[in-house]
Amino acid sequence: MADCLFCKIAVGSIPSERVEETERVLAFRDINPAAPTHVLLIPKEHVADSAAQIRSEHGEMLAELFELAARIAEDEHLADGWRLVTNVGAGAGQSVFHLHMHLLGGRPFGWPPG
Ligand code: DGP
């Protein structure tokens with residue numbers, strides 16, 4: 001999408017600190033980290049604005065995304081635990097409307113979240 005921040009990060013026209021990528025998924029560090037490890041995982045293609053638009057056709061990309069998240073968690077030594085979060089809608093804190101997941105780790109997390 002022409003005016004989408006994460007589409008621009010995906011193609012490299014806006015720089016980011018890339019962590020890893022696969023055919024369909026890019027992982028890069030959040031500019032405003034909420035934990036010692038805070039990595040964003042996005043589909044390179046703008047397949048959905050948020051998780052509310054996920055359809056079964058996105059299954060393979062999502063499997064790739066989860067697999068990559070687990071690999072990064074291992075690489076970042078998050079054996080104590082890590083969290084994957086996706087915000088849907090402004091009321092839940094979503095500010096970028098390109099499907100993404102936050103991989104958070106390196107500190108304790110409470111439950112339920114605040
Ligand atoms: P959300 O609030 O769930 O839509 O998450 C969007 C995240 O994107 C937020 O934690 C901050 C991050 N972010 C916003 N702009 C940039 C940017 O230009 N570069 C990077 N690396 N992260 C960004």
Side-chain angles (χ1 to χ4, degrees):
M1 270 173 71
D3 221 23
C4 169
L5 174 66
F6 285 177
C7 285
K8 290 177 183 167
I9 286 178
V11 297
S13 62
I14 289 181
S16 67
E17 192 182 336
R18 290 175 174 234
V19 177
E20 223 186 302
E21 64 185 295
T22 60
E23 187 188 340
R24 283 169 279 215
V25 178
L26 172 67
F28 58 96
R29 297 201 188 274
D30 195 291
I31 204 166
N32 187 20
T37 291
H38 188 166
V39 172
L40 298 171
L41 296 110
I42 64 167
K44 291 177 181 174
E45 296 289 326
H46 194 117
V47 297
D49 293 347
S50 78
Q53 295 175 350
I54 288 174
R55 300 291 177 264
S56 55
E57 72 207 54
H58 305 132
E60 285 189 17
M61 179 278 293
L62 286 172
E64 207 170 289
L65 187 153
F66 275 86
E67 219 176 298
L68 181 59
R71 197 156 69 238
I72 293 169
E74 200 176 331
D75 291 346
E76 304 251 333
H77 310 293
L78 304 181
D80 278 353
W82 44 282
R83 186 169 279 179
L84 273 182
V85 176
T86 191
N87 298 319
V88 179
Q94 187 178 8
S95 58
V96 180
F97 291 81
H98 176 129
L99 176 66
H100 58 281
M101 287 201 147
H102 300 255
L103 166 60
L104 298 152
R107 67 167 171 84
F109 296 102
W111 191 262

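Quick caveat, the model's predicted, so the values are computed rather than measured.
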For the [atom1] atom of [X] and the [atom2] atom of [Y], what is their distance to the nearest 0.5 Å?
| X | Y | atom1 | atom2 | value |
| --- | --- | --- | --- | --- |
| Glu57 | Glu60 | CD | CD | 11.5 Å |
| Thr22 | Leu65 | OG1 | CG | 8.0 Å |
| Cys4 | His46 | SG | NE2 | 5.0 Å |
| Leu40 | His98 | CG | NE2 | 10.5 Å |
| Ile9 | Ile42 | CD1 | CD1 | 6.5 Å |

What is the minimum heavy-atom distance between [X] and [Y], and which atoms define it?
| X | Y | value |
| --- | --- | --- |
| Arg18 | Gly12 | NH2-N, 3.8 Å |
| Ala51 | Thr86 | CB-CG2, 4.0 Å |
| Ala27 | Leu68 | CB-CD2, 4.1 Å |
| Gly106 | Pro36 | O-CG, 3.3 Å |

Salt bridge flag under 4.0 Å for residues Glu23 and Lys44 = no
Using a strict cut-off of less than 4.0 Å between a Lys/Arg side-chain nitrogen and an Asp/Glu carboxylate oxygen, indicate whether Arg24 and Glu45 qualify as a salt bridge.
->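 No salt bridge links Arg24 with Glu45.
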Go through His100 and His102 one step at a time and tell me if the ring-ring contact (aromatic ring centres under 6.0 Å, His included) criterion holds.
-> CA-CA 7 Å; His100 58 281; His102 300 255; 5.2 Å; yes
Pair Val19-Arg29, side-chain contact (heavy atoms from CB on, under 4.5 Å): steps then yes or no | CA-CA 7 Å; Val19 177; Arg29 297 201 188 274; 3.8 Å; yes
Looking only at atom types and distance, does a side-chain atom of His58 sit under 3.5 Å from a main-chain N or O of Ile54, one as donor and one as acceptor?
-> no
Decide yes or no for [X] and [Y]: does some side-chain heavy atom of the first lie under 4.5 Å from some side-chain heavy atom of the second?
| X | Y | value |
| --- | --- | --- |
| Lys8 | Asp3 | yes |
| Trp111 | Arg83 | yes |
| Glu20 | Asp75 | yes |
| Trp82 | Leu103 | yes |
| Asp30 | Glu17 | no |

Hydrophobic cluster membership, with links at side-chain heavy-atom distances under 4.5 Å among I/L/V/M/F/W/Y: are [X] and [Y] in one?
| X | Y | result |
| --- | --- | --- |
| Phe6 | Phe97 | no |
| Leu78 | Phe66 | yes |
| Phe28 | Val25 | no |
| Val39 | Leu84 | yes |

Check the surroundings of atom CD in Glu67: do more than 12 heavy atoms from other residues, nucleotides or ligands lie under 6.0 Å from it?
-> no
State whether the number of non-hydrogen atoms from other residues, nucleotides or ligands found under 6.0 Å of Glu76 atom CD is greater than 12.
-> yes
Run through the side-chain heavy atoms of Ile, Leu, Val, Met, Phe, Trp and Tyr, join any pair under 4.5 Å, and report what else lands in Val85's cluster.
-> Leu104, Phe109
Please assess Leu41 against Leu26 for the test side-chain contact (heavy atoms from CB on, under 4.5 Å), listing each intermediate value before the final yes or no.
-> CA-CA 6 Å; Leu41 296 110; Leu26 172 67; over 6 Å; no
Pair Gln53-Leu99, side-chain contact (heavy atoms from CB on, under 4.5 Å): steps then yes or no | CA-CA 9 Å; Gln53 295 175 350; Leu99 176 66; over 6 Å; no
